[in-house]
Amino acid sequence: MADKGLLLVLSGPSGVGKGTVKSAIVKNKVFPFEYSVSMTTRKPRPGEVNGKDYFFVSEERFKQAINHGELLEYNRYVDHYYGTPLTPVKKMLEQGKDVLLEIDVNGAQKVREQMPDGVFIFLTPPDLHTLHERLENRGTESEDIIMGRIKQAREEILVMQDYDYAVVNDEVANAVHHIKAIVDAEHVSVKRVIDTYRKMVRED
Ligand code: 5GP
């Protein structure tokens with residue numbers, strides 16, 4: 001049986017650039033992984049593709065997924081539901097594939113409770129001013145929503161203490177570089193490889 005893959009949880013305040021960093025990792029094939037496509041009740045933004053960026057579903061379908069235990073975690077965030085489908089994540093990990101989740105801090109906390117072996121990476125903005133600018137430049141939210149997200153970000157930055165790594169997203173390329181270093185190191189950490197070596201010495 002293949003060794004289990006790593007569960008990589010990329011999280012941080014909204015607007016910090018999690019999506020951009022994830023896309024850069026995918027585009028540049030920085031390391032191999034499977035992306036866990038979330039389910040959401042929000043409407044697609046221009047260019048977003050159903051089944052690739054998100055599974056865009058109705059509130060009724062989302063509630064059904066909650067009730068049937070289909071989600072590893074979910075959260076209601078700025079009037080919409082977001083959640084991680086459980087079965088594909090479990091399957092990919094069992095097949096030895098690394099799985100990347102890009103989720104909010106509330107969801108990451110819930111994942112940590114259930115899968116403490118995961119690698120929890122907190123993406124931080126260089127400062128709150130930069131975060132505000134990024135949300136504004138995205139041009140997809142009203143000022144009210146942006147202010148709500150900044151308020152939430154102040155609280156969210158403090159939850160960094162529950163994570164394994166903090167990566168500053170000053171430049172996407174820097175953040176990606178640090179994340180690759182983390183993944184490489186995790187693959188050779190003693191706690192992950194010790195069982196293989198125990199088996200090896202028993203067999204000799
Ligand atoms: P957006 O609407 O900008 O795509 O996402 C809003 C927030 O929801 C982001 O912080 C994003 O990381 C988070 N998010 C996306 N998918 C999930 C998920 O499956 N679970 C949770 N808890 N948050 C998610």
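In each ligand, atom 1 is the first atom listed, and ligand 1 is the first ligand listed.
Within ligand 1, the atoms closer than 4.0 Å to a non-hydrogen atom of R42 are 1 (P), 2 (O), 4 (O), numbered from 1 in the order shown. The distance from ligand 1 to the heavy atoms of Y77 drops below 4.0 Å at these ligand atoms: 6 (C), 7 (C). Near N75, meaning under 4.0 Å from any of its heavy atoms, are these atoms of ligand 1: 22 (N). Residue G107 approaches ligand 1 through these ligand atoms, each under 4.0 Å from one of its heavy atoms: 22 (N).
No more than 12 heavy atoms of other residues, nucleotides or ligands sit less than 6.0 Å from atom OH of Y74. More than 12 heavy atoms of other residues, nucleotides or ligands sit less than 6.0 Å from atom NE2 of H132. Annotation: E60, atom CD; neighbour count of heavy atoms from other residues, nucleotides and ligands within 6.0 Å does not exceed 12. Crowding of E48 atom CD: a count of heavy atoms from other residues, nucleotides or ligands under 6.0 Å exceeding 12. Annotation for R61: atom CZ counts as buried by contact number, over 12 foreign heavy atoms lying within 6.0 Å.
In terms of protein heavy atoms, atom 5 (O) of ligand 1 is closest to Y54 OH, 3.3 Å. Of all protein heavy atoms, the one lying nearest to atom 13 (C) of ligand 1 is D104 N, 3.7 Å. The nearest heavy-atom contact from the protein to atom 9 (C) of ligand 1 is K18 NZ, 4.0 Å. The shortest contact between atom 3 (O) of ligand 1 and any protein heavy atom is with R45 NH2, 3.0 Å. Distance from atom 20 (N) of ligand 1 to its nearest protein heavy atom, with residue and atom name: E73 OE2, 2.7 Å. In terms of protein heavy-atom proximity, atom 19 (O) of ligand 1 is closest to S38 OG, 2.6 Å.
Contacts of E102 with ligand 1, taken as heavy-atom pairs under 4.0 Å, involve both backbone and side chain. No part of H80 comes within 4.0 Å of ligand 1, judged by heavy-atom distances. Contacts between M39 and ligand 1 below 4.0 angstrom, taking non-hydrogen atoms only, are absent altogether.
Residue N106 places every heavy atom at 4.0 Å or more from ligand 1.
Looking at every heavy atom in both residues, L100 comes nearest to Y35 through O-CD1, 3.4 Å. The nearest pair of heavy atoms linking Y163 to A108 is OH-CB, 3.3 Å.
In this structure, the side chains of N169 and R134 come closer than 4.5 Å at one or more pairs of heavy atoms.
For ligand 1, none of its N or O atoms has an N or O atom of E48 under 3.5 Å away. Below 3.5 Å of separation, one finds no N or O of Y74 facing any N or O of ligand 1.
Between the side chain of T41 and the main chain of Y81, a donor-acceptor pair closer than 3.5 Å is present.
Distance NE2/H178 to CG/L123: 11.5 Å, rounded to 0.5 Å.
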